[in-house]
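What follows is a set of notes on a single structure, which appears directly below.
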There are 2 protein chains.
Amino acid sequence: MVPDHYLKLDNQFCFPIYALSREITQLYRAFLDELDITYPQYLVLLVLWQHERQTVNQLGEKLLLDSGTLTPLLKRLEQKHLVNRTRSRADERVVEISLTPAGAKLKEKARCIPKEMFGLLGISLEEMETLRNIAQKILQHNAREQKA
Amino acid sequence: MVPDHYLKLDNQFCFPIYALSREITQLYRAFLDELDITYPQYLVLLVLWQHERQTVNQLGEKLLLDSGTLTPLLKRLEQKHLVNRTRSRADERVVEISLTPAGAKLKEKARCIPKEMFGLLGISLEEMETLRNIAQKILQHNAREQKA
DNA sequence: GTAAATTAAATTGTGTGCAATTTAATTGCT
DNA sequence: AGCAATTAAATTGCACACAATTTAATTTAC
């Protein structure tokens, strides 16, 4: 007989991650509202600030999101004139996402966000890195299993 | 001048948590689809299995969700005949959520889920507890700041 | 060269999640 | 007692997130 404490909310390992993820998105809002973007949109821009031009598929691979989520999100970013969506001439199934000048400029306003976010968490740099490393370990473990 | 690496996706602490949370919800689906419930619905049931009867507000406090999320969710659980939603006689603003016999019975089917989930993560028990403790630390840190 | 199979993105449908607001009931103050 | 303030839940509006499916284009196989 499995002991009951396995089914108590406080003993669930996954719930705090779920709750924390939502908390993080919430905390980001204070900063991102000023830029008029959401957290997932911010993630997209992070990738584009680093890579300038990406297909929907490439964005999806990096952000672990599918086109069902990305397509409307990217359309909204396009409407805000932060990105351009262009059908590739080489392969018309492919849509390339690139930064507009305004989108590129937003990077400057966003540069202090990661640091300020960290300041809101109340944990040490070590704890933060531990958290990240374990999270990434799980993600990588499951990435491999899915492809096997 | 803030170095650019602060704005690289790989160096974001928050993104792996965000991605992990979604991954966790995904992994849970394998088990919860059989019970015909979603992960947030599962969380609600976890609370009810432990506490039998809760107001919407109490559920919200425990799950860090507001009634905008909970009300439709609970309505769907009610439609599945897993819970009853009853207006309190003592205070008609209050809606009490209680388990139906079917809802209570589901606990038996769910008893192995936490353990099996753990098996899918590819981390040690220690790593899991570390992850949970840091996550809870952040959540508590921000719970206090919000009320201050 | 042509048809079948595969692929990239888009669409459809459903269930969250949260801010803002509304509705109805209760509490607090005078 | 009556009204203002507060509260619990519900609603409205919007942005995700993901499964399933569709559309259009490309690749593969014959």
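Chain letters run A, B, ... following the sequence lines, proteins first, then strands; residues in each count from 1.
- As judged by a 4.0 angstrom heavy-atom cut-off over every strand, A:Leu70 is placed among residues making no nucleic acid contact.
- Judged purely by atom type and a 3.5 angstrom limit, A:Thr100 uses its side chain to pair as donor or acceptor with the backbone of A:His81.
- The shortest distance between the side-chain N/O atoms of B:Thr71 and the OP1/OP2 oxygens of D:dA10 is below 4.0 Å.
- Rounded to the nearest 0.5 angstrom, B:Ile17 CD1 and A:Ile24 CD1 are separated by 5.5 Å.
- Using a cut-off of 4.0 Å between Lys/Arg side-chain N and Asp/Glu carboxylate O, A:Arg111 and A:Glu108 are scored as salt-bridged.
- Among the nucleotides C:dG17, C:dA10, D:dA10, the one closest to the side chain of B:Val95 is D:dA10.
- The nearest whole Å value for the distance from the CG atom in A:Leu59 to the P atom in D:dC16 is 14 Å.
- Distance, A:Asn57 CG to D:dA24 P: 20 Å, rounded to whole Å.
- Using a 4.0 Å cut-off, some side-chain N or O of A:Gln26 falls inside it from OP1 or OP2 of C:dA19.
- Within 4.0 Å (heavy atoms only), A:Thr55 reaches sugar-phosphate atoms of the nucleic acid but no base atom.
- Residue A:Leu65 has its side chain nearest to D:dA17 when only C:dT16, D:dA17, C:dC18 are considered.
- Between A:Arg76 and the phosphate of D:dC14, there is no side-chain N or O to OP1/OP2 separation shorter than 4.0 Å.
- One can place CG of A:Leu74 at 12 Å from P of C:dT11, the figure rounded to the nearest angstrom.
- Listed candidates were C:dT16, D:dA9, C:dA9. Nearest to the side chain of A:Val94 is C:dA9.
- Mapped onto DNA chain C by nearest heavy atom, A:Gln58 and A:Arg22 fall at different nucleotides, with A:Gln58 at the one closer to the 5' end.
- We find that CG of B:Leu73 is positioned 16 Å from P of C:dT14, with the value rounded to whole Å.
- With distances taken from any side-chain atom of B:Arg87 to the nucleotides C:dA25, D:dA9, D:dT26, the minimum falls on D:dA9.
- Heavy-atom nearest nucleotides on DNA chain D were determined for A:Thr38 and for B:Arg29, and the one closer to the 5' end corresponds to A:Thr38.
- Judged by closest nucleotide on DNA chain C, A:Arg85 is the one of B:Asp91 and A:Arg85 placed further toward the 5' end.
- Here C:dT6 presents its C1' atom at 8 Å from CZ of A:Arg93, a figure rounded to the nearest Å.
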When the side chains of residues 34-44 of chain A are checked against the rest of the protein, which donor-acceptor pairs come out under 3.5 Å, sequence neighbours left out?
from, atom 1, to, atom 2, distance (Å)
A:Thr38, OG1, A:Gln41, N, 3.3
A:Tyr39, OH, B:Phe15, N, 3.4
A:Gln41, OE1, A:Thr38, N, 3.2

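- Residue-to-nucleotide contacts include no donor-acceptor pair under 3.5 Å from the side chain of A:Ser67 to the base of C:dA8.
- For B:Lys75 and C:dT16, the NZ to P distance is 14 Å, given to the nearest whole Å.
- Looking at residues 40-48 of chain A, you'll see A:Pro40, A:Gln41 sit with a heavy atom under 4.0 Å from some atom of DNA chain D.
- Distance CD1/A:Ile97 to OG1/A:Thr86: 7.5 Å, rounded to 0.5 Å.
- Checked by atom type and distance alone, the side chain of A:Thr130 pairs as donor or acceptor with a backbone atom of A:Glu126 at under 3.5 Å.
- To the nearest 0.5 angstrom, A:Ile138 atom CD1 is 10.0 Å from B:Met128 atom CE.
- Per the geometry, CG belonging to A:Asp66 stands 17 Å off P belonging to D:dT22, to the nearest Å.
- Atom CZ in A:Arg89 sits roughly 20 Å away from atom P in D:dA24 (whole-Å rounding).
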Can you give each donor-acceptor pair under 3.5 Å made by side-chain atoms of residues 61-79 of chain B, sequence neighbours left out, with the distance rounded to 0.1 Å?
from, atom 1, to, atom 2, distance (Å)
B:Lys62, NZ, B:Gln54, OE1, 3.2
B:Asp66, OD1, B:Gly68, N, 3.1
B:Asp66, OD1, B:Thr69, N, 3.1
B:Asp66, OD1, B:Thr69, OG1, 3.4
B:Thr71, OG1, B:Ser67, O, 3.0
B:Glu78, OE1, B:Arg85, NH1, 3.3
B:Glu78, OE2, B:Arg85, N, 3.4

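- Two residues, A:Tyr39 and A:Ser88, neighbour DNA chain D, and the one matched to the more 5' nucleotide by heavy-atom proximity is A:Tyr39.
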